[in-house]
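Read through the structure below, which is laid out as structure tokens, and then see the notes.
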Amino acid sequence: MLDLTAKVHDESRQGEAYAPFVNDPTLYRKKFYIESYGCQMNFSDSEIVASILNTEGYGATRNAEEADLVLLNTCSIREKAEQTVRKRLTEFRKAKENKPGLLVGVLGCMAERLKAKFLEEEKLVDMVVGPDAYRSLPGLIEEAETGQRSVNVLLSRDETYADISPIRLESNGISAFVSIMRGCNNMCSFCVVPFTRGRERSRDAFSIVAEAQDLFNRGFKEVTLLGQNVDSYYWVNEAAEATTQNATGDAITFGRLLEMVALISPDLRVRFSTSHPKDITEEVLTTMAKYENICKYIHLPVQSGNTRILQLMNRTYTREWYMAKIDQIKQIMPDCGISSDVITGFCTETEEEHQDTLSIMEYSQYDMSYMFFYSERPGTLAARRYKDDVPEEVKKRRLTEIVNLQNRLSRESNERDLGQTFKVLIEGDSKRSDRDWMGRNSRNKVVVFPKGDAGYKKGDYVMVTVTGSTQATLLGHIQK
Ligand code: SAM
Ligand code: SF4
């Protein structure tokens, strides 16, 4: 692990386990324990799994030792992510010896990538379940209970779990993820996602709006619309003629969906992630500008700043095209925060090409980036076509340069906020002190400030003036 101060990846939530059902008086016959790894999509899927298991009479526990069923929802995006899961699995060996009936299941992308091979490689695993097969979990558990190890890794063209209401167990009760689509049709050459999560499909727009409305009714104040590539969201109500709900039968684009969710209430903040630069449209940008409650923040992964490398990555845009997109965003929303994902040391990347990545980061003035060095994934286009020929120490040195630059950009961005006043949604106590609130502004920056005697509570909006900052946090005080 690199000892770098900037956020290399959102490590804080990796392996997070669910809290038990809060305020749930039911005495459950059986308990499950679930840990999630990887992207937000996996965390969101674990909430769907929790809902499916709950209808089967399982209650959640945060204590693996009292569980009858242990599930790991896994990630395959980099080799390190897979190694983490393998290591974690060995830790359940002892638990299984102590409790013979305990079932261990592997869910998500690693399950999909390795399929039945997983059962051969990891003897303690009883179930291997791909991301489109969670409805079959009860049957698979039953099978595993008879001693039959079970696998379902079928990918689907239409599964969106639209009718399943996720159980939000880890939640602060203020912000929630809402999955709007699954899979990915882009074939970025480095990426395993199209193989592990299948074809792209968009979820019924009305079920999305209903879920967001229900969250708002239950006191949530922020929803993040989730997908690998939200801007290619596209849903047509085929039943439009039969019902009057969407009488025109128009296709619903992402811009339209954003508007539908924003219209639930001006007090409900709307965020989204992730945007592929090639797909984010002017319609989306102008919709963002039009509604105050759509947060002015875009995660727009660049991956590389060099056109030749972008071509090898199959990203379908050039350096210049990406820069023009940044210009367009800033022209439509001058105060919009932008963040990125960067991969360093991709196949054949030269020193000059690496410099192009540094300069595009500088041009884009990212508030934050997730930064990785290239990790070859079996079966991807890049693994089949190109040689992973940048030595590891060069990859790491380039990553350090990128991280150092991002640290400076984040610091400068925070310094520009000094003296400014932002509307902040209070998410809870700050990590360091229960005398301070922690919240976020529209640009997704974390703001910490003393509670004082103003009488605010979690979920309130409050105007905060920035008086200082650390690397990743703005510090301020409530505007009198
Ligand atoms: N769909 C999103 C997108 O297109 O930006 C996110 C995909 S992935 C879950 C998150 C990030 O992991 C990618 O943006 C990329 O920077 C990184 N990533 C994916 N494959 C990788 C690989 N083989 N090696 C290193 N980083 C990788
Ligand atoms: Fe992977 Fe590219 Fe799809 Fe993102 S858009 S999930 S990086 S293939």
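Note that the structure is a prediction, hence the values are computed from the model and not measured. Ligands are counted one by one from 1 in listed order, and the atoms in each one are counted from 1 as well. Starting from 1, each residue takes its place in the sequence as its number. Computed over heavy atoms, backbone and side chain alike; hydrogens, waters and symmetry mates excluded.
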>> If we only consider heavy atoms of R197, is any one of them less than 4.0 Å away from an atom in ligand 2?
In response: no

> Checking R269 against Y291: charged group under 6.0 Å from the ring centre and within 45 degrees of the axis?
Replying inline: no

>> I need the contact type for F372 against ligand 1. Using non-hydrogen atoms and a strict under-4.0 Å cut-off, is it side chain, backbone, both or neither?
In response: side chain

>> On the six-membered ring of F372, is R78 placed so that its NZ or CZ lies under 6.0 angstrom from the centre and within 45° of the ring axis?
In response: yes

>> Does this structure show an ion pair linking E82 with R377, if we count only N-O contacts that are shorter than 4.0 Å?
In response: yes

> Of the protein's non-hydrogen atoms, which lies at the shortest distance from atom 2 (C) of ligand 1, and what is that distance?
Replying inline: Q228 O, 3.5 Å

> Which distance, rounded to the nearest 0.5 Å, do you find between the CZ of R308 and the CG of L310?
Replying inline: 11.0 Å

> What are the atoms of ligand 2, with element, lying closer than 4.0 Å to any heavy atom of C188?
Replying inline: 2 (Fe), 5 (S), 7 (S), 8 (S)

>> Return the closest protein heavy atom for atom 9 (C) of ligand 1 as residue, atom name and distance.
In response: I77 CD1, 3.7 Å

>> Does ligand 1 come near enough to Y374 that some N or O of the ligand is less than 3.5 Å from an N or O of the residue?
In response: no

> Does N229 come within less than 4.0 angstrom of ligand 1, counting non-hydrogen atoms of the residue?
Replying inline: no

> Taking NZ, NE, NH1 and NH2 as the nitrogens, is one of them in E349 or K395 under 4.0 Å from a carboxylate oxygen of the other?
Replying inline: no

>> Is C191 close enough to atom 2 (Fe) of ligand 2 that one of its N, O or S atoms comes in under 2.8 Å?
In response: no

>> Looking at R199 and D132, is any side-chain nitrogen of the basic one under 4.0 Å from a carboxylate oxygen of the acidic one?
In response: no

>> Give the atom numbers and elements of ligand 2 that come within less than 4.0 Å of a heavy atom of H276.
In response: 5 (S)

> Among Q228, K278, Q303, M41, whose heavy atom sits nearest atom 4 (Fe) of ligand 2?
Replying inline: Q228

> Among protein heavy atoms, which sits nearest to atom 17 (C) of ligand 1, and what does the distance come to when rounded to 0.1 Å?
Replying inline: R78 NH1, 3.4 Å

>> Whether E362 and R408 form a salt bridge (side-chain N of Lys/Arg under 4.0 Å from carboxylate O of Asp/Glu) is what I want to check.
In response: yes

>> Pair E122, L114 - check side chain to side chain contact (heavy atoms under 4.5 Å, CB included), show working.
In response: CA-CA 11 Å; E122 304 285 347; L114 292 161; over 6 Å; no

> Does a salt bridge link R168 with E211, judged by any charged N lying under 4.0 Å from a carboxylate O?
Replying inline: yes

>> If the cut-off is 4.0 Å to any non-hydrogen atom of P194, which atoms of ligand 2 fall inside it?
In response: 8 (S)

> Is any side-chain N of the basic residue among E427 and R440 closer than 4.0 Å to the acidic one's carboxylate O?
Replying inline: yes

> For atom 22 (C) of ligand 1, what's the nearest protein heavy atom and its distance?
Replying inline: S375 O, 3.6 Å

>> Which residue and atom name correspond to the protein heavy atom nearest atom 3 (C) of ligand 1, and how close is it?
In response: T274 CG2, 3.8 Å

> When rounded to the nearest 0.5 angstrom, what distance separates OG1 in T400 from CG in L405?
Replying inline: 12.5 Å

>> Regarding ligand 1, does H276 bring an N or O atom to under 3.5 Å of one of the ligand's N or O atoms?
In response: no

> Does any N or O atom in E376 lie less than 3.5 angstrom from one in ligand 1, N or O only?
Replying inline: no

> Closest non-hydrogen protein atom to atom 14 (O) of ligand 1, residue and atom name please, with distance?
Replying inline: D341 OD2, 2.6 Å

> If you count the atoms of ligand 2 from 1 in the order shown, which ones are under 4.0 Å from a heavy atom of C184?
Replying inline: 3 (Fe), 5 (S), 6 (S), 8 (S)

>> Any carboxylate oxygen within less than 4.0 angstrom of a Lys/Arg side-chain nitrogen, looking at R397 and E393?
In response: no

> Can you tell me how far OG of S442 sits from NZ of K296, rounded to the nearest 0.5 angstrom?
Replying inline: 5.0 Å

>> Among all protein heavy atoms in this structure, tell me which lies nearest to atom 25 (C) of ligand 1, with the distance rounded to 0.1 Å.
In response: F373 O, 3.5 Å

> For atom 8 (S) of ligand 2, what's the nearest protein heavy atom and its distance?
Replying inline: N186 O, 3.3 Å

> Can you find an N/O atom of V342 closer than 3.5 Å to an N/O atom of ligand 1?
Replying inline: no

> Does at least one non-hydrogen atom of R315 fall below 4.0 angstrom from an atom of ligand 1?
Replying inline: yes

>> Quick test of your reading of the model: are E112 and R197 salt-bridged, counting only N-O distances below 4.0 Å?
In response: no

>> Please list, in number order, the atoms of ligand 2 under 4.0 Å from a heavy atom of R315.
In response: 2 (Fe), 7 (S)

> What residue and atom, counting heavy atoms only, is the protein's closest point to atom 5 (O) of ligand 1, and at what distance?
Replying inline: P301 CG, 3.1 Å

>> Side chains of E353 and T357: any donor to acceptor distance under 3.5 Å?
In response: no

> Just which atoms of ligand 1 are under 4.0 Å from any heavy atom in R377?
Replying inline: 23 (N)

> Going by the atom numbers of ligand 1, which of them fall below 4.0 Å from some non-hydrogen atom of Q303?
Replying inline: 5 (O), 13 (C), 14 (O), 15 (C), 16 (O)

